[in-house]
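Data first, discussion second: the structure below is written as structure tokens.
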Amino acid sequence: MRAARVLLRPVGFAGFGLLTVVLLVAVFGPVLWDGRATVIDTGDLLAGPSGEHWIGTDNLGRDLFFRVLVATRLSITLALAATAIGMVLGVVLGAAPMLTGRRVARFITSAVNVLVAFPGLLLVLFFAVVFGVGARGAALAVGLAGAPAFARLCHTLLSGVSERDYIAAARIAGVSKFRILVRHALPNIAEPLIVNATMAAGGVLLTFSGLSFLGLGVQAPSYDWGKLMQDGLNGIYVHPLAALGPGIAVVLAGLAFNLTGEAFAAAFGIDVIPGVARVRAVRGAAGESAGPAVAAPDPEPGTVLSVDGLRVTIPGARRPIHAVRGVTFAIRDGEAVGVVGESGSGKSVTALAVARLIEEPVRVDANHLVFAGEDLMAADDPASLRKRLGTSLVVVFQDPMTSFNPAHRVGPQLAEVGRFHQGLGRRAAFARAVDRLHAVKLREPERRARQYPFEFSGGMRQRAMIGMGLMGTPRLIIADEPTTALDVTVQRQVLALLGEVRGDTGAALLLISHDVSVVTEVCDRVLVMYAGLIVEELPARDLGTLARHPYTRALVAAVPDMETDLTRPLAVIPGTPVDPSDVPAGCAFAARCPLADDHCRAVEPPLQADAAGNRVACHKAGWPLPADSAEVTV
Amino acid sequence: MGGWTPAAVPPSAARGLRGRAGDLWSHRWLRFALRRAGRLLVSLWVLVTASFLMIHLVPGDPVRAALGPTAPAELVLARTRDLGLLDPLWRQYAGFLGNLLRGELGVSISTRLPVGETIAQRLPATAQLAVAAFLLSVLVAVPVGVVMAVITRRGKGRRTELAFTGTNVVLGAIPDFLVGVGLVYLLAVQTHLFPVAGRAGPDSYVLPVLALAIGPCAVLSRIVRVEMLAVMEADYIRTARAKRLTPWRVQLVHALPNAVTASLTLGGLLLSSLVAGTVLVENVFAWPGLGSTIVSSIVSKDYPLVQGTVLIYGVGVLLINTLVDVVLALLDPRSTIGES
Ligand code: SF4
């Protein structure tokens, strides 16, 4: 059960334990200790702490420690009463828009919005004026002041559930609005409401003690913690514990409510902090070696990128995920190399790893990774390396909508490269940015450079992104699905632009794509990836005719062409991709391969090069596929 | 096309405006300015009306309550007439609004002094306190939040994270007046470092400002950290890293503005509650500001004075909320202006 889980967390345990103690003292305190809290000892007025009176006595010689304990009941009761008032009123106000007509609903919602903008204490003071000084007035004031916040919360929660199917169904079935609210909607928001009420009770307790402390709440001869503090403050020179004692009680009780609420919220999955992966298995994964240690051969001259034995390991909750399991390839100057594969094949991770954009705790290992003569696996990135990479290695990302910083104008985002890597001043860098936007054929580049990204269309942003790469002199452009998020005509334009840019600068291209036809059109050579490995490498123009790996052939067969009978469903590769956290032994593709046999399932096929330099990893490379296997549809 | 409100356009935006684009820009800013001003006016109206109605909502005879049961009946009647409480409600309301427009807030029942005068005398002390506490909490919370985010990102620095969130929860849970009492005990009674109460030299500001700032600072730094962590995972941060900028520049120039934008939305409410928090803290430190005035006037049922102070506090909060929204719009034009 959830409640049990709450108790298992340290926060939940502490909060719940504390709350239990507080409630027990509230119930039994006055019964047990009322006598000791009210007995007047005229021989011991305003005494400091002693063995007999732990935190001293007040101006009538009454024991303060026991007064604090006895005050628990009144303090807690008033806080709970005020919370209840606020919650009931809040639920009524928050639910009313569901029952009333549109006009009334809008009026209530905007009234609540106006009230929520005022801090609670101000509302409390306002109502305290109306209801007058005293415990009852203060409870009403604190309760009413809390209502708008509850109303807002209730309204938000209700609008969340009112979209759900069962409520829509009930509405269509003609169930009355009131019945829908009471039977279907409210029970579904009860959990978060109660969690919030618990936390609110903690806040109310503090507010209430504040009111009593100001003299607006509980009046003598009654006393709550706030009142005790008020009495103690005057004597803070002489014996500070008289003021601090009740203060500590307030804080402990407030914490008890807060922690309990927070623990329940965590158990209900309300509190999720993004970006913090549960990392426990990292240590184990980090110790792994990066495959067989082959002496890194010096890359051939004319090679812009050389990758050997690249592995990427993501620490998982149970076991590490091997996203890339040893990838070796090279790109020559000016060459265009495509990487194809289904999603999850490790192709994007490979691109990011090559660009050194993968961060801890994800681990990148390689026998070597050399770009334009620079060892990218070297421990640190000194400023000089950053400068060279910043101007010669360009990355174009998949989603142009999210890849520009929304808080800055486009021009300065381009200009940064010039300012920090090319030694240009602010103005010169901006001028160059405008020039580059012009080079990627953005109309009115002057004006565009001064706009924010949200004013650009997707295609324009991708052009600007490429323009950002042109600030320097690119030697390699890594493009990770650069056109996937764009519509078809814009896709063509962006691809054409990439081609032109390469023509002008002589840059090589590493194009990641799941779209075989795009890669065939743009690239010289193709790497096919499956389950974190390269399974085949061949010239792009031969993809349709000379592919030997069953996976490559299935990928190609899945591409519609002029002869595809569009009246039939498109061919899909049967089966699902391998789970990268659980790669089987032997050939990873075996489970989906029409040619698989026991040998495939037991022995991993090595990636072997033929005389022409094409590579393939398959025991049965080039065997004829059983008829119709590529035509299987799912 | 659309009109043009120079006041609503930030200077930096105005520079880039030309032709059609300029029209579009001004259009957006105009719409934002109108919408925001409309909300401010409605809230102001609610505030003014509520503080007018306050005295009428008090059960029984407010003047009798204020002057006490022993006051002679003629005196009560005279005061009631002075306050205009014998007129029909609509005329009282009109008179109240008219007086407000002329900057008149009425006369205190107990001291017979104009309320405006009392407020003018007391407001500066409170405003100084609130502004100082606000600045302090922002100046501390933002760097602390950023540094904690960098240190504890992606599961690093588990211990530090635990210590930070733990301290935060506790500090955030202690109400400001209790912090005040604690500070008085530690730094004034025990060590005599700072004066216990009152407003005199610069050192008398230290404890009240600290008492006010610690809570908001704890909450704000936690918000900043969480927002930083979220922003650091965004695609545009990866873009910034792909440009091979220094980690410092990535964090401060690319991540921080976005994190602050998000934090401000949540932190705005916190800051207006800081204004209200002055009431309690002033009472701890016997600070001669509005906070002690409002409490004593509530206790003595000096309704015109209460009305005036509630109005001033409310206006202060509304202005802060508006200011936060405008700053937000400048920092992140898309969220506030573009797509709404
Ligand atoms: S090795 Fe066997 S299972 Fe793997 S692709 Fe080749 S034939 Fe299929």
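Hydrogens, waters and symmetry mates are skipped; everything else that's a heavy atom, side chains included, is used.
Every residue was checked against the ring pair (Phe, Tyr, Trp, His ring centres under 6.0 Å) condition with A:Phe420, not counting sequence neighbours, and none meets it.
Residue contact with chain A, scored on non-hydrogen atoms closer than 4.5 Å, is absent for B:Arg39. Residue B:Val231 does not touch chain A at all, counting heavy-atom pairs closer than 4.5 Å. Of the atoms belonging to B:Ile294, it is side-chain heavy atoms, and not backbone ones, that fall under 4.5 Å from chain A. Only the side chain of A:Leu352 has a heavy atom closer than 4.5 Å to any heavy atom of chain B. For B:Leu280, the parts lying near chain A are the backbone and the side chain together; criterion is any non-hydrogen pair under 4.5 Å.
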With a 3.5 Å cut-off and sequence neighbours excluded, list the donor-acceptor pairs that the side chains of residues 118-127 of chain A form with protein atoms.
none

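Pairing each heavy atom of B:Asn258 with each of A:Ala407, the nearest pair is OD1-CB, 3.6 Å. Considering every non-hydrogen atom in both A:Arg356 and B:Arg241, the closest pair reads O-NH2, 4.3 Å. The heavy-atom pair separating A:Arg386 from B:Pro247 by the smallest distance is NH1-CD, 4.4 Å.
No donor-acceptor pair under 3.5 Å is formed between the side chain of A:His408 and the backbone N or O of B:Pro257. No donor-acceptor pair closer than 3.5 Å links the side chain of B:Lys243 to the backbone N or O of A:Leu414. Although no hydrogens or angles enter the test, the distance criterion places a donor-acceptor pair under 3.5 Å between the side chain of A:Asn405 and the main chain of B:His254.
The candidate from B:Val279, B:Val299, B:Leu245, B:Val46 with the greatest count of non-hydrogen atom pairs under 4.5 Å with chain A is B:Leu245.
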